[in-house]
Visitor: 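Can you read through this structure? Questions will come right after.
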Amino acid sequence: MKPVILAGGTGSRLWPKSRAALPKQFLALTSEQTMLQETVTRLKGTDSEAPVFICNEAHRFLVAEQLRVQNIAHDGILLEPVGRNTAPAIALAALHATQGGEDPVLLVLAADHLIKDTHAFHTAIDKAEKLAKAGKLVTFGIVPDQPHTGYGYIKAGDGIDNGYVVDEFVEKPNMDTAEKYVASGKYFWNSGMFMFKASRYLEELEKYNPEILAVCKQAIETESPDLDFIRVDADVFAGCPDDSIDYAVMEKTDSAAMVPLDAGWSDVGSWSSLWETAEKDTRGNVVVGDAILEGVNNSYINAEQRLISVIGLDDVVVVETKDAIMVAHKDKVQDIKNVVNRLKAEQ
Ligand code: GDD
Ligand code: MG
C-alpha cells in the first residue's frame, strides 16, 4: 500500500500561527513533530511503502527539509504550480504511481490531521485495504458529535466484510440537513482520508470528471524530475478544473465503501478543535508557552515569544506570535478567516 500525502492546504483558520508561507501541516501543533511528520510516523507498523507527497511548489523546500531531518523516505514530492483542490492532486499522484505499469493501493492522507489512537487507525487501514483490493473506493467514517457543516456526511448502508456500503455521500450539507443527519444516527463524517487502487480512482474520475483526468494526464506527461521534486506542466495544469475528490468522485461513485474509524481523529480545523483535543488543566485551560492566568476557564492560550496574562475571562483563545496577537471568543474562531481575508485585501 502506497500512502499519498496531501500537503497543499492553507490552514487559514489557524492564523496567526499558520501563514501562507508556513501553513498548519508544517507546524508542530499537537506534538514535537510537525503535522506532516506525524502523518508519516503514524504509519510505522503498517505495510506501507515510501509515500508520495503532493504540495504547492512554494512549499517544496519545507517538505523536503521536514522529511530529511527525520530520515523519512519518499517516492517523490509532486509539485503543484497552482492549487486545484484534491481531485486533481490525487489524480496526479495516482498517475505518477501507475507510471511503471503498477497499480498500487493508495492510502490518501491529509498532512494536517490528528489521530490519537494509532492502533485503532492501523486496524481500520487493514480493513480498508481489503475493500480497496476488491475495487472499492473506501472512506473512513467518524461518528459525529455535532452538526458540523464543514464535513462530508456518509450514510452507511448494508454491512459487508470489513465495513459498509455507502448509501449516500453528501459533501458539506447545510445546517438543517446536517442536524437531521446527526439526529438520525445513520450518518458518519467523512474523515477526508481514502483508500483505493490507483486505477479505480482514475476510472471513476474518467467516468464523472473526464476533464480533470485529461488535464492531469497531459500535465504529468512531461513530468520532469528535479532533485526530489517532480514538476508538472504549469500552463496545462493551470487549466485544470478546481474540484475536491468529495464532489468530483465520492458523491457520484457507486463503488464507495466505508470503514468506521474511532481513533480520536480530528482535522484540527480551528483553535477550538485544538483546545478540544488537547489535555486540559483542572479549569479546562490549555496553555502552550508562558502564561499567567487568574480566574480563567475553558480557554486556549498559546504564547510563542512573550508572556501572556489573562484575568477573569472564560472561553477565550489567545494566540501570540512575533508579529501578531489574536484574541477571540472560543465560539467565534471560525471567523478568523475574515481577518485573513482582510489582511489579504490590504496587501
Ligand atoms: N496537494 C494538495 N493540493 N492538497 C490539498 C489541496 C490541493 O490543491 N487542497 C486541499 N489539500 C489538502 C489539505 O491540506 C487537507 O489536508 C486536505 O487536502 C483536505 O482539504 P481541505 O481543504 O482541508 O478539505 P475540507 O476540510 O474542506 O474537506 C475535506 O475534509 C473533511 C475532513 O477534514 C472533505 O474530504 C470533507 O468531506 C471532510 O469531511
Ligand atoms: Mg480540512
Side-chain angles (χ1 to χ4, degrees), residues 3-14 18 20 22-27 29 34-36 38-40 51-60 62-63 76-94 96 106 108-115 137-144 146-155 166 168-173 178 181-182 187-195 212 215-216 219 229-230 232 237-238 240-251 256 258 261 265-270 273-274 277 334 337:
V4 170
I5 316 276
L6 300 171
T10 53
S12 58
R13 280 172 301 167
L14 290 183
S18 179
L22 190 66
K24 125 184 170 198
Q25 58 271 30
F26 306 119
L27 299 173
L29 286 172
T34 69
M35 301 200 79
L36 177 89
E38 260 188 73
T39 305
V40 184
V52 177
F53 294 83
I54 176 149
C55 68
N56 194 281
E57 198 175 347
H59 299 137
R60 63 193 183 282
L62 271 173
V63 173
I77 302 170
L78 279 159
L79 304 183
E80 294 158 291
V82 285
R84 286 290 178 260
N85 215 321
T86 50
I90 298 166
L92 291 175
H96 173 70
L106 304 180
V108 178
L109 299 173
D112 54 357
H113 289 177
L114 170 69
I115 297 173
L137 280 71
V138 188
T139 82
F140 295 86
I142 314 288
V143 175
Q146 46 165 312
H148 201 298
T149 55
Y151 292 143
Y153 285 73
I154 302 160
K155 186 175 184 198
V166 170
E168 196 183 17
F169 187 111
V170 182
E171 178 63 1
K172 301 198 178 120
Y181 286 173
V182 174
Y187 286 80
F188 291 75
W189 282 334
N190 174 38
S191 64
M193 303 184 287
F194 304 94
M195 213 178 197
I212 293 182
V215 172
C216 289
F229 306 121
I230 299 155
V232 302
F237 195 66
C240 188
D242 184 305
D243 209 353
S244 72
I245 178 177
D246 316 282
Y247 288 117
V249 176
M250 295 311 295
E251 274 198 342
M258 188 203 80
L261 180 68
W265 171 90
S266 166
D267 72 345
V268 197
S270 66
S273 66
L274 208 54
T277 57
Q334 302 294 340
K337 60 178 181 299

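Along the sequence shown, residues are numbered consecutively beginning with 1. Everything numeric in this text was worked out from a predicted model, so none of it was measured. When a ligand or atom number is given, it counts from 1 through the structure's own listing order.
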Visitor: Establish whether atom 23 (O) of ligand 1 and some protein heavy atom are separated by less than 4.0 angstrom.
Guide: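 Under 4.0 Å from atom 23 (O) of ligand 1, zero protein heavy atoms found.
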Visitor: Any idea which of Glu171, Arg13, Glu80 brings a heavy atom closest to atom 2 (C) of ligand 1?
Guide: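 That would be Glu80.
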Visitor: Could you point out which residue of Trp265, Tyr187, Phe169, Tyr181 forms a ring pair (Phe, Tyr, Trp, His ring centres under 6.0 Å) with Tyr151?
Guide: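 For Tyr151, the ring pair (Phe, Tyr, Trp, His ring centres under 6.0 Å) test succeeds with only one of Trp265, Tyr187, Phe169, Tyr181, which is Trp265.
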Visitor: Looking only at distance, does Asn85 have an N or O less than 3.5 Å from an N or O of ligand 1?
Guide: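 For ligand 1, there is an N or O atom that lies under 3.5 Å from one belonging to Asn85.
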Visitor: Considering distance alone, does some N or O of Asn190 sit under 3.5 Å from an N or O of ligand 1?
Guide: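 Yes, since at least one N or O of Asn190 sits under 3.5 Å from an N or O of ligand 1.
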Visitor: Quick test: of every protein heavy atom, which one is nearest to atom 27 (O) of ligand 1, and how far off is it to 0.1 Å?
Guide: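 Going by distance alone, atom 27 (O) of ligand 1 is nearest to Lys172 NZ, 2.6 Å.
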Visitor: Measure the spacing between NZ of Lys337 and OG1 of Thr10 and express it to the nearest 0.5 Å.
Guide: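 So the gap between those two atoms works out to 11.5 Å.
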Visitor: Would one find an N or O of Gly9, backbone or side chain, under 3.5 Å from an N or O of ligand 1?
Guide: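 Between Gly9 and ligand 1 (N or O atoms, distance only) the closest approach is under 3.5 Å.
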Visitor: So, the side chain of Lys172 versus the backbone of Tyr153: is there a donor-acceptor pair under 3.5 Å, distance only?
Guide: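 Judged by distance alone, no pair lies under 3.5 Å.
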Visitor: Give the residue, atom name and distance (to 0.1 Å) of the protein heavy atom nearest atom 18 (O) of ligand 1.
Guide: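 Nearest protein contact, heavy atoms only, for atom 18 (O) of ligand 1 is Thr86 CG2, 3.4 Å.
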Visitor: Tell me, which protein residue and heavy-atom name are nearest atom 35 (O) of ligand 1, and how many Å apart are they?
Guide: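 Looking at atom 35 (O) of ligand 1, the protein heavy atom closest to it is Asp246 OD1, 2.8 Å.
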Visitor: Can you check atom 8 (O) of ligand 1: any protein non-hydrogen atom closer than 4.0 Å?
Guide: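 Under the 4.0 Å cut-off, atom 8 (O) of ligand 1 does have protein heavy-atom neighbours.
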Visitor: Quick test: of every protein heavy atom, which one is nearest to atom 4 (N) of ligand 1, and how far off is it to 0.1 Å?
Guide: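 So the nearest neighbour among protein heavy atoms is Gly8 N, 3.1 Å.
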Visitor: Can you find a non-hydrogen atom of Met250 under 4.0 Å from ligand 1?
Guide: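 Not so, Met250 does not reach ligand 1.
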Visitor: Taking only heavy atoms of Ile54, which atoms of ligand 1 are found under 4.0 Å from at least one of them?
Guide: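 Those of ligand 1 that fall under 4.0 Å from Ile54 are 1 (N).
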Visitor: To the nearest 0.1 Å, how far is atom 17 (C) of ligand 1 from its closest protein heavy atom, and which atom is that?
Guide: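 The answer is Ala110 CB, 4.0 Å.
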Visitor: Indicate whether atom 11 (N) of ligand 1 is within a distance of less than 4.0 angstrom of some protein heavy atom.
Guide: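 Yes, there is a protein heavy atom closer to it than 4.0 Å.
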Visitor: Can you tell me how far the CG atom of Leu6 sits from the CG atom of Asn85, to the nearest 0.5 Å?
Guide: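 One gets 9.5 Å once the value is rounded to the nearest 0.5 Å.
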